Amino acid sequence: MLDLRMIRQNPDKVREGLAKKGEAAPIDEVLALDEQRRSLLTEVEQLKAKRNEVSEEVARLKREKQDAQHLIEEMRVVSQRIKELDDRVREVETKLQDLLLRIPNLPHESVHVGTSEDDNLEIRRWEEPRQFAFEPKPHWDLGVDLDIIDFERAAKVTGARFYFLKGLGARLERALINFMLDLHITEHGYTEVFPPFIVNAASATGTGQLPKFAEDMFKLEGMDYYLVPTAEVPVTNLYQDEILNMEDLPIYHAAYSACFRSEAGSHGRDTRGLVRVHQFNKVELVKFVAPETSYDELEKLTGNAEEVLKRLGLPYRVVLMSTADLGFSQSKKYDLEVWMPSYARYVEISSCSNFEDFQARRANIRFRREKGARPEFVHTLNGSGIAVGRCLAALIENYQQEDGSVVIPEVLRPYMGGLDRIAPAKKL
RNA sequence: GGAAGGGUGCCAGAGCGGACGAAUGGAGCGGUCUUGAAAACCGUCGAGGGUUUGCGCCCUCCGUGGGUUCGAAUCCCACCCCUUCCGCCA
């Protein structure tokens, strides 16, 4: 959520920023409602002050056994008027709030203007894609041939865009999760959190999924609960409605969670394999920091995510999103894209963003610089560190051998009982 | 799911229609005393909003949302959450 005062003071700056994102936000309407709200408040608050004053007078008269009937009559009318005005204030505030919750965040000044995903900027590249001396198989064939992924039975048991991992595939998934978490908590300074996989509407509003993107989540029947689309939601909301101490910042959390996405509107895209599914695993990194440090923290966060790919030996590139590809809540975002032989291109595997105070304002997460100082909103950041399913896909594709087996990267072997290779097994 | 009890400031805890934004402890902060510290004593100590150049003034907030009343932390209704017991259960 943008700061209403800021919109009031710099409406043009806001319009301009949103235009860069290709958004035409109802700023005029916001300003009008804000004006209305303040004028109603001035009126109703004067009446309330009057009422408080007279009520005290009534109390005094009653104590002195004097008649207060005329004052009571007079206040009956005033109270009625207050009630009417309060209703109007509420009405206006609801409208205003609803508009504000649907206005996207502004891009940071370091983000270049773009109009489509073609305008995104490659920042750096790590290692070059492997040259295969044979025709590499896509992971959906490899996984099936190795009998470590089963799409068909998942379609039977659940439906399209689900999968079973089996045998060493399941173990590899688990190994990746543990490897990533261990790296972040022991070397990058994150504190592990294991969050709920279901959140309420307030939390989903806090991080920005609601109210605009309700259809992207799975909602529980008859309840105000949603399956988490990412651990970002529960973990960012850990400190909702809290005032943190300056000395507690920065806070770094790493969290594993399953992620559930309805993938509404993506019919026909990436229909095969593990790239676009309704449920996947992810290790998420979340930071709460003082505003002046958040862009440095974004660079570090991105580096932490990159380290996962480096240690796994997976070629990748870092891409800076233009204003056109920034998400609703984001001020600046880097994507990590891993080389995917089956796509013959780089595929998004992590997204690292600074939200500045946009989420903090929605979720009411503040901090105090020192005792007695006014609370300020923190800046929140998060990034995948990294998406496990896509990582497994990239891994088996990049490490496949001509004989159909897959070599396990060195760093994962301790998590795989020392195993160095997944070989084709008898299919079940 | 059933029954009972409860949600008040950073924490503990009183208040149950009128001087209550809230007693009293404790913690924290500032000070006196002390070589220093402790103790003791004094003071201070919530958030949001409106208005104002500023000092300030005003409004709101006692789980949430409604209602009754001239006036609500206090009464009524609904919902949420917590605790205990029972049932069910990994």
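Here the structure is a predicted model, which is why all the values come from computation and not from measurement.
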Checklist entry - Applying a 3.5 Å limit to both distances, which nucleotide forms a Watson-Crick or G-U wobble pair with A78(B)? => result U64(B)
Checklist entry - Angle class for the Phe162(A)/His278(A) ring planes (parallel below 30°, perpendicular above 60°, tilted otherwise)? => result tilted
Next on the checklist: Rounded to whole Å, how long is the line connecting atom CZ of Arg5(A) with atom C1' of U52(B)?
Outcome noted: 14 Å
Item to check | Sugar-phosphate, base or nothing in reach of Lys83(A), heavy atoms under 4.0 Å | outcome: sugar-phosphate
Checklist entry - With rounding to whole Å, what would you report as the distance between A14(B) and G65(B) at their C1' atoms? => result 27 Å
Next on the checklist: For the P atoms, the ones on G2(B) and on C88(B), what distance do you get once it is rounded to whole angstrom?
Outcome noted: 15 Å
Checklist entry - Got a donor-acceptor pair under 3.5 Å from the side chain of Arg60(A) to the base of A19(B)? => result no
Next on the checklist: Regarding Val54(A), tell me which of base, sugar-phosphate or nothing describes its non-hydrogen contacts under 4.0 Å with the strands shown.
Outcome noted: nothing
Checklist entry - Does His139(A) reach the main-chain N or O of Leu274(A) with its side chain, forming a donor-acceptor pair under 3.5 Å? => result yes
Item to check | Donor on one side chain, acceptor on other, Ser203(A) and Asn200(A), under 3.5 Å | outcome: yes
Next on the checklist: Can you measure Arg37(A) atom CZ to G48(B) atom P for me and round it to whole angstrom units?
Outcome noted: 14 Å
Item to check | Rounded distance (Å) that lies between atom C1' of C10(B) and atom CZ of Phe367(A) | outcome: 19 Å
Checklist outcome for this item: Paired to A23(B) by Watson-Crick or G-U wobble criteria (both distances under 3.5 Å) is none
Next on the checklist: Distance check, C1' atoms only: C16(B) and A72(B), in whole angstrom units.
Outcome noted: 10 Å
Item to check | Partner nucleotide of C88(B) by Watson-Crick or wobble geometry (both distances under 3.5 Å) | outcome: none
Checklist entry - What's the CD-P distance between Glu74(A) and G71(B), to the nearest Å? => result 13 Å
Checklist entry - Hey, does Leu71(A) reach any base, or is it just sugar-phosphate, or nothing, if we go heavy atoms under 4.0 Å? => result nothing
Next on the checklist: What I want to check is whether an N or O donor and acceptor connect the side chain of Glu45(A) with the base of G49(B) at under 3.5 Å.
Outcome noted: yes
Checklist entry - Going by atom types only, do Glu192(A) and Tyr256(A) share a side-chain donor-acceptor pair under 3.5 Å? => result no
Checklist entry - Does a donor on one side chain sit under 3.5 Å from an acceptor on the other, for Thr207(A) and Glu232(A)? => result no
Item to check | Base partner of C41(B), which must satisfy Watson-Crick or wobble distances under 3.5 Å | outcome: G31(B)
Item to check | Atom-pair distance (CG on Asp224(A); P on C81(B)), nearest Å | outcome: 11 Å
Checklist entry - Using the P atom in both, what is the distance from G25(B) to A40(B), to the nearest Å? => result 12 Å
Item to check | Glu247(A) CD - C10(B) C1' separation (whole Å) | outcome: 14 Å
Checklist entry - In whole angstrom, what separates Leu61(A)'s CG from A19(B)'s C1'? => result 14 Å
Item to check | Geometric class of the His188(A)/Tyr190(A) ring pair [parallel <30°, tilted 30-60°, perpendicular >60°] | outcome: perpendicular
Checklist entry - Roughly, in whole Å, what's the span from OH in Tyr225(A) to C1' in C80(B)? => result 9 Å
Item to check | Whole-Å P distance, G66(B) and G26(B) | outcome: 39 Å
Next on the checklist: Students often get this wrong, so: under 4.0 angstrom with heavy atoms, is Arg8(A) touching a base, only sugar-phosphate, or nothing?
Outcome noted: sugar-phosphate
Checklist entry - If the C1' atom of C58(B) is compared with that of U52(B), how far apart are they to the nearest Å? => result 11 Å
